[in-house]
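This is the structure I want to talk about, given as structure tokens.
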Amino acid sequence: MIELSGIRKAFNQGRHNEYWALNGIDLTIPSQQVTAFFGPSGSGKTTLLTVVGCLARPTAGRVRLEDRDISGLPERFLTQIRRRTFGFIFQQFNLIRGMSALENVMLPAYPLGGEWRALKQRAEFLLDSLQLSHRRTARVEWLSGGEQQRVAIARALINDPKVLVADEPTANLDTALSKGFLDILETLAAEGRTVLLSSHDPMVIESSVVQRVVKLRDGRIVGDL
Amino acid sequence: MVYIGLSADEKREIGILKAIGWETGDVIRMKFWEGALISLTAFLLGYVAAYLHVFRFSSVLFEPVLKGWSVLYPQFELVPVVDGVQIATLFFFTVFPYAMATIVPIWRAAITDPDSIMRG
Ligand SMILES: Nc1ncnc2c1ncn2[C@@H]1O[C@H](COP(=O)(O)OP(=O)(O)OP(=O)(O)O)[C@@H](O)[C@H]1O
Ligand SMILES: [Mg+2]
């Protein structure tokens with residue numbers, strides 16, 4: 001369970017271009033649910049995901065993860081929590097060029113220092129489950145958009161995170177591929193993972209996989225269905 | 001901010017690694033070994049080439065300079081030696097500055113906030 005209370009986030013605080021992207025978010029996100037953040041451009045969806053996913057610290061307010069207050073922790077601890085608890089699927093996929101699909105999937109596991117052979121097997125298993133086995137040795141820049149996204153999903157899953165965070169996961173996909181993503185999401189939800197995503201896409205928001213839609217506007221919650 | 005010595009691609013790569021859970025130290029270690037491997041390879045290649053040149057090919061390039069241009073070829077052999085201190089000095093002035101010149105910008109890129117990668 002993730003609890004946010006009084007979360008505010010400022011950019012360029014104290015400068016002339018100070019901007020409050022989040023203005024007091026109180027939210028409880030239960031485990032094993034698919035929650036979507038929905039709202040106009042600039043409403044704070046990405047910012048909220050970075051705060052929940054320990055990529056950024058809130059300027060004010062508390063983040064509790066499984067009853068542990070993590071908002072005050074130093075960077076190193078946040079990194080450790082992040083890599084054990086969260087898997088990220090970025091809008092631009094953010095794969096590392098020049099490396100193969102398989103190598104990209106294995107990357108988040110290296111700092112954990114497990115056995116290389118076991119790790120490789122796990123990565124191959126994940127790519128296989130996403131129908132990408134045949135492309136595992138291809139360099140990622142040669143892959144199609146849909147293939148790149150599946151590599152990004154496999155990479156997000158390599159450390160077996162409880163929570164998956166996906167920012168605008170269908171923004172770079174056509175209708176058929178978006179449908180494919182929703183099918184994968186269905187499987188992940190059935191595995192009992194908590195999924196947090198942001199989207200403009202009605203196809204995602206109205207999908208039966210999404211159990212809860214939180215509406216944002218100007219850094220505030222304006223609807224919770 | 002300006003990072004001397006890192007390409008946009010490298011900065012992006014570092015941002016990605018941080019976002020997927022690498023610590024600043026993990027990134028620097030990896031980049032350090034990468035850089036050390038490159039400069040060490042260059043150093044060793046240079047060393048081996050110089051060694052071969054002197055010991056195997058009797059220093060064909062430098063021999064005339066060392067022995068002089070005398071038409072009457074003097075009858076002496078040049079005895080090649082490997083000077084440990086010189087090698088260490090060379091190492092210090094090639095590998096070490098290279099490592100420093102790469103580590104500092106990497107460190108500066110590696111301490112940036114991992115959330116920047118969410119906004120490619
Ligand atoms: N690093 C930053 N510096 C200054 N302002 C920022 C920064 N990051 C985000 N903002 C501002 O914060 C606000 C919220 O941004 P955010 O990216 O969270 O919106 P969003 O809901 O994800 O929008 P979109 O749908 O376009 O992705 C925006 O007005 C944005 O310009
Ligand atoms: Mg966004």
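No experiment lies behind these values; they were computed from the predicted model shown. All chains are named by letter (A, B, ...) in the order of the sequence lines, taking the proteins before the strands, and each is independently numbered beginning at 1.
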### Query
CZ/A:Arg82 to NZ/B:Lys18 distance, rounded to the nearest 0.5 angstrom?
7.0 Å
### Task
Step through the shown structure and confirm whether more than 12 heavy atoms of other residues, nucleotides or ligands are within 6.0 Å of CZ on A:Arg62.
no
### Query
Out of curiosity, B:Met30 CE to A:Leu107 CG, how far, rounded to the nearest 0.5 Å?
7.5 Å
### Task
Please indicate whether A:Phe77 has more than 12 foreign heavy atoms, meaning atoms of other residues, nucleotides or ligands, lying under 6.0 Å from its CZ.
no
### Message
Could you check whether B:Asp115 pairs with A:Lys9 (Lys NZ or Arg NE/NH1/NH2 to Asp/Glu carboxylate O, under 4.0 Å)?
### Response
no
### Query
Considering only heavy atoms, which portion of B:Arg12 lies under 4.5 Å from any heavy atom of chain A: side chain, backbone, both, or neither?
side chain
### Query
Looking only at heavy atoms, what is the nearest atom pair of A:Phe90 and B:Ala19, with distance?
CZ-CB, 3.7 Å
### Summary
The reported gap from CD1 in B:Ile20 to CG in A:Leu55 (rounded to nearest 0.5 angstrom) is 11.0 Å
### Message
Counting heavy-atom pairs closer than 4.5 Å to chain B, which one of A:Ala56, A:Pro108, A:Gly98, A:Gly87 comes out on top?
### Response
A:Pro108
### Query
Which region of A:Phe86, side chain (C-beta onward) or backbone (N, CA, C, O), has a non-hydrogen atom less than 4.5 Å from a non-hydrogen atom of chain B, or is it both or neither?
neither
### Message
Between A:Glu75 and chain B, with a heavy-atom cut-off of 4.5 Å, which part of the residue counts as in contact: side chain, backbone, both or neither?
### Response
side chain
### Message
Counting only non-hydrogen atoms closer than 4.5 Å, does A:Leu112 touch chain B with its backbone (N, CA, C, O), its side chain (CB onward), both, or neither?
### Response
neither
### Task
Might you point out which heavy atoms bring B:Gly21 and A:Pro111 nearest each other, and give the distance in Å?
O-CG, 4.3 Å
### Task
Look at atom CG of A:Asp69 and say whether more than 12 heavy atoms of other residues, nucleotides or ligands are closer to it than 6.0 Å.
yes
## Note on the structure
In this structure, CD of B:Glu23 is separated from OG1 of A:Thr79 (nearest 0.5 Å) by 5.5 Å
### Query
How about A:Arg217: does its CZ atom have over 12 heavy atoms from other parts shown lying under 6.0 Å from it?
no
### Task
To the nearest 0.5 angstrom, please state how far the CD1 atom of B:Ile16 sits from the CD atom of A:Gln92.
10.0 Å
### Message
Given heavy-atom pairs under 4.5 angstrom as the criterion, report whether the side chain, backbone, both or neither of A:Arg155 touches chain B.
### Response
side chain
